[in-house]
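As structure tokens, the structure follows; a few thoughts come after it.
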Amino acid sequence: MNNLKLYTESSLNLELQTDEEVVQFSAFDIERNRLFFLSSANFVYTTQLTSFHNERMKSVAMLPAEVHHIDVETGDCVTSFDYLMEKEALIVGTRSGLLLLFSVDGSGSEVVGRVEGGVKRISPSPDGDLLCIISGLRQILVMTHDWDLMYENTLEDFPEGEPNFSEQNDFESSISWRGDGKYFATLSDVENSNTSLKKLKIWERDGGSLHASSEFKNFVEGVLDWMPSGAKIAAVYDKKSEIECPTVVFFERNGLERSSFHINEKNSAKVELLKWNCSSDLLAAIVRCENYDSVKVWFFSNNHWYLKHEIRYSKQDMVSFVWDPTRPLQLFCWTVHGQITMYNFIWISAIMENSTALVIDDAKILVTPLSLSLMPPPLYLFSLKFSSAVRDVAFYSKNSKSCLAAFLSDGRLCTVEFPGADFWEELEGKEFYVEASSFESTFGSFQQFVWLDVHKLLVVSHYGSDDYNYVSQGSPNEEPLGFCLLEIDLECSKDHVPGLPTCSAWHARISNRKFIEGPVICVASNPAENCTAFLQLNGGEILKYASGSGFSREFLKQEDKSFSSSCPWMSVALVDNNGLLKPLLFGLDDVGRVHLNRMVVCNNCSGFSFYSNLGDQITTHLILGTKQDMLCILDILDVLHKKIDEEYNFFQASNKCKEEGRNFIYIWERSAKIVGVLHGDAAAVILQTARGNLECIYPRKLVLASITNALIQRRFRDALLMVRRHRIDFNVIVDYCGLQTFIQSAADFVKQVNNFSHITEFVCAIKNENVTETLYKNFTSNSCMDDNKVGALRVSKDSYVENKVSSVLLAIRRAVEEHMMESPARELCILTTLARSDPPALEEALERIKVIREIELLNSDDPRRTSYPSSEEALKHLLWLSDADAVFDTALGLYDLKLAAIVAINSQRDPKEFIPYLQELEKMPFLLMCYNIDLRLSRSEKALNHIVSAGEDHFSDCMNLMKKQPQLFPLGLKLITDDAKKKLVLEAWGDYLSDEKSFEDAAETYLCCFNLEKALQSYRASGNWRQVFIVAGLLKMREDEILQLAHELCEELQALGKPGEAATIALEYCRDINRGMGLLISARDWEEALRIAFMHQREDLVSEMKNASVECASLLIGEYEEGLEKVGKYLTRYLAVRQRRLLLAAKIKAEESSMNNFDDDTASEASSNLSGMSAYSAGSRRSSTVSMSTTAGRKSREAKRQKSRGKIRPGSPGEEMALVEHLKGMSLTAGARSELKSLLVSLMMLGKEETAKKLQRTAENFQLSQMAAVNLANDTVSSDTINEQADTLENYVQALKSEVQKLEDFSWRSKVFLSS
């Protein structure tokens, strides 16, 4: 699916020594890149190939060459000429049989041998070790490079068995070696035979024995070449006797004919030379016709030989050619007059921008729109026939106009205007003859040409050849530079016939001509501006040309628009950059680098293409094929904004990636190339394999881009079809639009799709998941879309509700009911939306089925019967979508036993299971039946409602139900109206609450039913002693009973750790002052205890109070001093651990940076080892089996961690944070500060000022140290460094002291002691 395009053409002339001499032979020196020519006057011309690149392309340019003369005896002439790499000299054979070794560098010749009968052909072996000679006596001589004869054989077959060497006959001979040098082939005929039949013989290198031979055929004499790869031997059949043109035929090594093809010329044509290129994929031949000679180049693919290029010369030139031995697409043609032309070819895709394939094959162009049918050549939709071979084509497709321009090998220009795309299928199998356009003047060979507009071409013409005449419009002294830009206007005098291509009556006129110093190597039209194009000069310089005005000077000033090297392949992409249409120039050079202006996008590319939307033709993605057989999909805006390294870093290690990613796909067949892209909704990349067949793949990234583009344009049907075709998750339609937006567009969605099967499939796939953020998170991108459109479409995506399924299905159901005509399929679709809701709306679905069943039972001519499916079909559809047990339970919930029976039968339940149960239900009263069904379905509230409605006889069942399901007690109180029964319900509820240890709630419930004894017990159990005494008052208990109750409560509260409340009861109800004082001292309520002692004027109690407060102060002073020591100890340990962790982290980071030089496997292994180390571990090496643990093991370890969380384990990974948490946990609580303040006041009142001072000073020092340590830890935890001078406890304590007065935490201090 490629065409062979002439990339550059360089013609130079040899300055021959005499006017009469002609060039006869050529030879190549691969090592020193030289080309030798031998003339009829025995002059050897030596030229360097670099001369073709250095010289300016003028018509009078001469080829610099060294000239040497070979001395040959008078009357003798050269018959064979070649270059020997081993000798670094030319080998020359003459008619008289001399073998001369001519050294160009030494300018001398040496006779190395003489061959009897003369030399007909010399052919060195590919490795240079052997030399094969055919003599005039039809002998094959094989000798070494030291001129030692290895063996000789007779070339011909003699009928009498004895060779006759008495005569020297004139004949054409040929020798062709196989690429590895193990075999060589010759052509020979039968001696003394009048027949023209010849035989192909294959000889073995070692020993010279005949390996194989063909049958006698009419071979063209002297035309033979063995493919360098060794697969085929090419020869030519002469079929003049059959009045047919010559046929190129291919043989295998065993002498059997393999295939052939006709050269498609007149029967008078003659093939004189046949040569393969060095890569064995192109076959070139010299074909002598009546009026011209031509060099034809064929290519083989899909078992068909294509004539890809033809170069015509005049008969007087007697053209010959030679392939470059190392560059497969470089061809040298030379004429007898010394004109040497170097042709550089490139392969370009035959698929145009609109996915139309235009394959050149001789005088035909095979046309195939791949968007209609993916047919590999030689298959095609229709063909265009021309008067001569096609050399190059240019295609135009814009605004529903499609035109083609073809440049032919005879120098003519042909134009075709195609019909609209809707008519292309009608052209299948047809062939249209295209007439050449009429011209007012002649012009030179087309180097490049491109469409500027629908009727205007821009042509780069190379003049200087004999057939080019022009009239210069400049000054008389202006010298042409070899290249000319021509603007050609095309007009058609014939009306366009709809449905058919316009192939004739085209007129061409040159409207503008500009000379340019070349060479121009590539031309591409500018899609952003009409009638403009970009030209690439040698070296990568880019020029912008506008019709009529010439080159843009502003563009010339922008140096970044040029490539950093010459790019034979250049394309222009139209990009939307924030609403501004901008052309981007991409180029691919010979070494596989893709250039965007001065930036290199990829270094190992084998081909590239663009993907765009058909509507606006704006490029959204760049498609690259790499030499590692990887297909890369790049967002064009990522390329424009130079985000390639961060988004597509796989270019650097593509050979190490083994799995498919979002941006690349591995091509399953080696050497497959990108030949084209199907744009728009097709979203396909077309690859051609090495054997010629086409493969079409659909990258996920392009498919999702086409789906989202369709959603933006609200083409829901197209989006749904693409989702189904490519098996994309249907949720992408909802999630990309946004839930609220899709719900609002549900009616449009249903009307556009208009297919209940597709809607049902969509409904069944909806799930509560946003696939654009999970499954397709890495594929969906807004980079190639209009941000305004996307924002308008997804305006409410942020308001994503949790139950997406029910919301979407409800919207679809309403849209179907409102906008679709009634039909059985519509009803089944509605049932699907009900069954797939979350939770399934089975009750509503069964109600609809009941309606259908009732219509059927009426047995009437209701027209609605045709609009619904049968009830059985609807029920089976519902059962297929839902759980059969759930449908049966829902049918029971409707209390329709017949419907439940039908469901059970259709769900294939065992009749022994459901029939007895349904019969039992049928015998019950309706309310009891409903009650039992509700119990089965766990519908407790409905069951309670029904059993209450069943009457007083079933009150016990009602009570049992509420006791089993206590959440029903509030509903039962609402439903039961009898007061006595309400009290029973309340008492039962209170018993339940009491059992659940909710004593406060239970007591309140008992109070509602006036059960004061149980209320008293509940309050007592809850510890609410005040409510206990209130209820005791309600019970009118005696004084002694209340006193007994007070003593019991006092003991209970004291046991519960509430000495303050117990003290209140002892003082107020028991009137026990001593016991109350003891409890107040235990509660550390110092001020209250002192008040009670003075109130009762008890000095003994005051003394007891004084001793207790002093003792408590001493204990606190000891605790605070110990705490101060611990703070220093913990902080020191924390700083040491933190410093060690920071050092280890720096070391690991340095090791990771050094590992970047390793390969991926080494780095992965090292990183996994490091990840298993804690900051204190020695890096244990555990096997994967040991590292794996069960869920139970993980749970047990977590439980152990929870238990030991309060401990600090030295060396553990959590030691650092455990130390910080422990420091924070040592702070004074609000209760401790309140008790401390109360103690200080009491000590002052009791005259213990020194003790109070010491207590306040110790407590303050501890609190300052603890808070400073916490601040220091918090500051260093978030820092990567520790300053040993600044990060000290003393510094932080001093800083905190300046803020103490403002802190609420220090409000417990007594100001009278602050000065001391």
Side-chain angles (χ1 to χ4, degrees), residues 2-9 11 223 234 236 245-248 261-277 281-301 304-315 317-323 328-335 339 341-348 350 358-366 377-378 383-394 405-414 433-434 436 443-449 461-462 465-468:
N2 293 319
N3 290 329
L4 191 64
K5 180 180 177 62
L6 182 59
Y7 168 43
T8 58
E9 175 184 349
S11 295
V223 181
V236 179
C245 66
T247 300
V248 179
F261 69 90
H262 296 286
I263 65 171
N264 292 332
E265 292 287 353
K266 295 181 180 179
N267 58 349
S268 59
K270 181 181 179 182
V271 179
E272 285 196 357
L273 182 63
L274 200 63
K275 287 291 180 183
W276 295 96
N277 70 339
D281 59 346
L282 294 178
L283 179 64
I286 296 292
V287 180
R288 311 286 185 192
C289 301
E290 293 181 1
N291 302 321
Y292 59 88
D293 294 345
S294 64
V295 179
K296 294 179 180 287
V297 182
W298 288 277
F299 172 74
F300 181 78
S301 179
H304 180 77
W305 283 93
Y306 300 85
L307 178 61
K308 285 297 184 181
H309 209 83
E310 182 184 46
I311 307 171
R312 292 192 178 184
Y313 285 84
S314 64
K315 296 288 292 182
D317 289 335
M318 293 296 294
V319 67
S320 187
F321 74 90
V322 60
W323 286 104
L329 295 179
Q330 192 170 88
L331 179 72
F332 291 91
C333 294
W334 48 271
T335 67
Q339 182 182 1
T341 306
M342 180 181 70
Y343 297 98
N344 286 309
F345 297 97
I346 59 172
W347 286 109
I348 62 170
L358 304 173
V359 181
I360 296 176
D361 184 15
D362 198 357
K364 286 184 178 181
I365 293 180
L366 312 180
S383 63
L384 303 175
K385 178 72 174 177
F386 299 88
S387 59
S388 61
V390 180
R391 288 185 60 173
D392 200 1
V393 295
F407 177 62
L408 308 183
S409 59
D410 59 3
R412 297 182 181 181
L413 178 68
C414 295
Y433 180 77
V434 182
F443 49 87
S445 174
F446 281 14
Q447 286 287 101
Q448 312 281 344
F449 69 114
S461 177
H462 176 212
S465 56
D466 296 337
D467 59 345
Y468 179 66

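Side-chain contact, Lys308 with Asn3: a donor N or O sits under 3.5 Å from an acceptor N or O.
The two residues Cys245 and Glu265 make their nearest non-hydrogen contact at CB-O, 2.8 Å. When every heavy atom of Arg391 is checked against every heavy atom of Ser409, the shortest pair comes out as CD-CA, 3.6 Å. Heavy-atom minimum distance, Phe446 versus Leu413: CE2-CD1, 3.8 Å. Residue Pro378 comes nearest to Tyr306 through the heavy atom pair N-OH, 3.0 Å, listed as atom of the first residue, atom of the second, then distance. Looking at every heavy atom in both residues, Cys333 comes nearest to Tyr313 through CB-OH, 3.5 Å. Summarising the geometry of Trp323 relative to Gln330, their closest heavy-atom pair is CE3-O, 3.5 Å, with the distance given to 0.1 Å.
Taking CZ of Phe345 as the reference point, atom OG1 of Thr8 lies at 9.5 Å (rounded to 0.5 Å). The CG atom of Asp362 sits 10.0 Å away from the CZ atom of Phe261 when rounded to the nearest 0.5 Å. With values rounded to the nearest 0.5 angstrom, Thr335 atom OG1 is found 15.0 Å from Phe321 atom CZ. The distance from the CD1 atom of Ile365 to the NZ atom of Lys385 is 11.5 Å, given to the nearest 0.5 Å. Atoms NZ and CD1, from Lys275 and Ile286 in turn, are 11.5 Å apart once rounded to the nearest 0.5 Å. The CZ atom of Phe407 sits 9.5 Å away from atom CG of Leu6, with the distance rounded to the nearest 0.5 Å.
Formation of a donor-acceptor pair under 3.5 Å by the Asn277 side chain with backbone atoms of Leu282 is found in this model.
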Item checked: Test log, rule side-chain contact (heavy atoms from CB on, under 4.5 Å), inputs Leu307 and Asn264 -> CA-CA 10 Å; Leu307 178 61; Asn264 292 332; over 6 Å; no
Notebook entry, point to check: Does the pair Val295 and Tyr343 meet the rule for a side-chain contact (heavy atoms from CB on, under 4.5 Å), with working shown?
Noted result: CA-CA 11 Å; Val295 179; Tyr343 297 98; over 6 Å; no
Notebook entry, point to check: Does the pair Gln339 and Ser11 meet the rule for a side-chain contact (heavy atoms from CB on, under 4.5 Å), with working shown?
Noted result: CA-CA 7 Å; Gln339 182 182 1; Ser11 295; 3.9 Å; yes
Item checked: Criterion side-chain contact (heavy atoms from CB on, under 4.5 Å) on Tyr433 and Ser387, from CA distance to verdict -> CA-CA 8 Å; Tyr433 180 77; Ser387 59; 3.6 Å; yes
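Contact of the Arg288 side chain with the Val319 side chain is registered, since non-hydrogen atoms from C-beta on lie closer than 4.5 Å. In this structure, Leu283 and Phe300 have side chains that are not in contact, with every pair of non-hydrogen atoms separated by 4.5 Å or more.
His309 pairs in a side-chain contact (heavy atoms from CB on, under 4.5 Å) with only one of the listed residues (Leu4, Val390, Asp392), which is Leu4.
The residues Lys315 and Asp293 are annotated as salt-bridged, a charged nitrogen and a carboxylate oxygen being separated by less than 4.0 angstrom.
Remark: Lys266 NZ is loosely packed, at most 12 non-hydrogen atoms of other residues, nucleotides or ligands lying under 6.0 Å away.
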